[in-house]
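Basis for what follows: all heavy atoms, side chains included, without hydrogens, waters or symmetry-related copies.
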Amino acid sequence: QVQLVESGGGLVQPGGSLRLSCAVSGFSLDALAIGWFRQSPGKEREGVSCINNSHGSPYYADSVKGRFTISRDNAKNTVYLQMSSLKPEDTAVYYCAADLSGAVVAWFGCAESTEYDYWGQGTPVTVSR
């Protein structure tokens, strides 16, 4: 069983930054594609960013492009989401998800959330004064 555990969320002021971590166990990270999602109450789950297991460019939603950066450290089996210039509308529970196919980045964006095989429990991010 693949397990994913998010951490790093919290309260931050607008314009601030946070780095979220997704620790993966039970499978080699270099074989997995990873997506970051976020969800607020009453809203659809939104794909934020995703990255394939192979070398290539990650995908970012227009709402976060230029502010968020996804990266992976295969030696540590950990995926990161660096968030900067945070806005109140970034407030949500953030989830990481793993896909066993190893490919989630398409020409149009990230694969739908239903395509992912494993999910973390989420870490809340609140952007407020």
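Hydrophobic cluster membership is shared by L81 and V12, with clusters built from Ile, Leu, Val, Met, Phe, Trp and Tyr side chains linked at under 4.5 angstrom. Cluster annotation: I70 is not connected to W119 through the hydrophobic network of ILVMFWY side chains, with a link wherever side-chain heavy atoms come within less than 4.5 Å. Side-chain heavy atoms closer than 4.5 Å link hydrophobic residues (I, L, V, M, F, W, Y) into clusters, and following such links, even through other members, never connects L4 to Y116. Y60 and L18 fall within the same hydrophobic cluster, where Ile, Leu, Val, Met, Phe, Trp and Tyr residues are linked whenever their side-chain heavy atoms come under 4.5 Å apart, directly or through other members. The hydrophobic cluster containing L86 does not contain L11, counting ILVMFWY residues as joined when their side-chain heavy atoms lie under 4.5 angstrom apart, directly or transitively.
The distance from atom CG of N52 to atom OG of S57, rounded to the nearest 0.5 Å, is 10.0 Å. We find the CZ-OG1 distance between R38 and T123 to be 14.0 Å, quoted to the nearest 0.5 Å. Taking CZ of R72 as the reference point, atom CG of L29 lies at 4.5 Å (rounded to 0.5 Å). S7 OG to Y94 OH: the interatomic distance, rounded to the nearest 0.5 Å, is 15.0 Å. Atom-to-atom distance recorded for M83:CE and T69:OG1 is 11.0 Å, nearest 0.5 angstrom. To the nearest 0.5 Å, atom OH of residue Y118 and atom CG of residue D99 are 11.0 Å apart.
With hydrogens and angles ignored, the 3.5 Å screen pairs no side-chain donor or acceptor of N77 with any backbone N or O of S25. Counting only distance, with no hydrogens or angles, the side chain of R45 and the backbone of S113 share no donor-acceptor pair below 3.5 Å. Side-chain atoms of E115 do not come within 3.5 Å of backbone N or O of V104 as any donor-acceptor pair. Listed for the Q13 side chain is no donor-acceptor partner under 3.5 Å among the backbone atoms of R129. The main-chain N or O of V127 is found under 3.5 Å from a side-chain atom of T91 such that the two form a donor-acceptor pair. Formation of a donor-acceptor pair under 3.5 Å by the S21 side chain with backbone atoms of Y80 is not found in this model. Side-chain N or O atoms of S85 include none that pairs as donor or acceptor with a backbone N or O of G15 at under 3.5 Å. No donor-acceptor distance shorter than 3.5 angstrom exists from the side chain of Q39 to the backbone of A92, with no hydrogens or angles considered.
By the neighbour-count criterion of 12 heavy atoms within 6.0 Å, atom CD of E89 is densely surrounded, having more than that number from other residues, nucleotides or ligands. For NZ of K65, the number of neighbouring non-hydrogen atoms (other residues, nucleotides, ligands) closer than 6.0 Å is greater than 12.
With sequence neighbours left out, E112 forms a salt bridge (charged side-chain N to carboxylate O under 4.0 Å, His left out) with no residue at all. Scanning for ring-ring contact (aromatic ring centres under 6.0 Å, His included) contacts around Y95 gives an empty result, with sequence neighbours left out.
When all heavy atoms of A103 and A33 are compared, the pair lying nearest together is N-CB, 3.6 Å. The minimum heavy-atom distance between Q82 and S17, with the atom names listed, is NE2-CB, 4.1 Å. In this structure, A97 and F37 approach most closely via the heavy-atom pair CB-CE1, 4.3 Å. Considering all non-hydrogen atoms of both residues, V79 and S71 come closest at CG1-O, 3.3 Å.
Contact annotation: the side chain of W36 never approaches that of P58 to less than 4.5 Å [non-hydrogen atoms, C-beta and beyond].
Screening V5, L32, T78, N74 for a side chain to side chain contact (heavy atoms under 4.5 Å, CB included) involving V24 leaves a single residue, L32.
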